[in-house]
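So the structure is just underneath, and the comments pick up after that.
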Amino acid sequence: MQLLKKRILQDGRCFEGGILKVDSFINHQMDPGLMKSIAVEFVRKFGASNVNKIMTIEASGIAPAIMTGYLMDLPVVFAKKKSPKTIQNPLSTVVHSFTKDRDYEVVISADFLTPDDNVLFIDDFLAYGNAALGILDLMKQSGAHLVGMGFIIEKEFQNGRKRLEEKGVRVESLAIIEDLSHCRIKIKD
Ligand code: 5GP
C-alpha cells in the first residue's frame with residue numbers, strides 16, 4: 001500500500017532492537033484518513049471471503065478493526081489484556097510481549113466468539129507472531145473459524161509470518177519491513 005509505505009518512511013522512527021515507532025499516525029496520535037485507506041485495503045483483500053466478524057486485540061488494533069468492521073458492516077470484538085471482574089464465560093491465554101519483555105494474559109468472552117463465527121483478525125503489527133498465536137489459541141478454545149489475519153505493518157525479519165503460515169493461517173500485510181538494522185527503515189516494494 002503505497003500511501004502507507006510513504007508515510008512510514010516519512011514519519012516512522014526506528015529504535016534499537018528492531019522496533020519501529022509509528023506513534024504520530026498509528027499508535028498514539030492517529031490519522032483517521034490513513035486508517036480509512038488501511039481499512040479499504042483490508043476489505044479489498046478479505047471482502048470476498050465469508051467473514052462475519054472482525055476480531056482484534058487492544059489497544060492499537062481497535063482503530064483499523066473498527067474502520068474495517070464499519071466498511072464491511074460487521075461486528076468487531078477485541079481481546080482484552082486485563083480480565084474485567086464482570087466478564088462472563090471467559091476464555092484466556094498467555095502472550096509474550098517482546099516490546100515490553102513480559103508475559104500477559106489475554107481474555108475474551110465466549111459470548112462474543114462462537115463456533116458460528118468466521119473471523120478476520122486485524123492488528124497493527126506482526127513481529128514474532130506471539131500475539132497472533134495467542135489469538136489462534138483463543139479461537140481454538142471457542143470453536144470459531146479463522147478466515148485470515150491482516151496486519152498494517154509486518155516486520156519480516158522477525159518471522160511471525162512463517163510461524164502463522166505453518167499453522168495454515170492466511171496472512172496479509174499492507175507494508176512489509178525487510179530490515180531495521182542501523183536504524184534505517186527498509187520497506188519491501
Ligand atoms: P508479536 O506478538 O507479533 O511479536 O508482536 C505484535 C505486537 O507487539 C503488536 O500488537 C504490537 O502492539 C507490538 N509490536 C511489535 N513490534 C512492534 C514495533 O516495532 N512497533 C510497535 N509500535 N509495536 C510493536
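Counting convention: from 1, in listed order, for ligands and their atoms alike. In this text the structure is predicted, and so the values were computed from the model without any measurement.
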- Task: Could you give me the CA-CA distance, side-chain angles and deciding distance for Val22 and Ser24, then say whether side-chain contact (heavy atoms from CB on, under 4.5 Å) is met?
- Result: CA-CA 6 Å; Val22 287; Ser24 65; over 6 Å; no
- Close side-chain approach of Val119 to Val51, heavy-atom, < 4.5 Å: no
- Pocket residues around ligand 1 (non-hydrogen, under 4.0 Å) come out as Gly18, Ile19, Leu20, Asn27, Phe98, Thr99, Asp123, Asp124, Phe125, Leu126, Ala127, Tyr128, Gly129, Asn130, Ala131, Lys155
- Note on the structure: One should read off an interatomic distance between Glu105 CD and Lys80 NZ, to the nearest 0.5 angstrom, of 13.0 Å
- Query: So does Glu156 pair up with Lys188, basic N to acidic O under 4.0 Å?
  - Reply: yes
- Message: Is the terminal nitrogen or CZ of Arg163 (NZ for Lys, CZ for Arg) located under 6.0 angstrom from the six-membered ring centre of Tyr128 and within 45° of that ring's axis?
- Response: no
- Query: Can you list the steps and then say if Leu180 with Lys155 is a side-chain contact (heavy atoms from CB on, under 4.5 Å)?
  - Reply: CA-CA 9 Å; Leu180 287 176; Lys155 291 186 292 178; 4.1 Å; yes
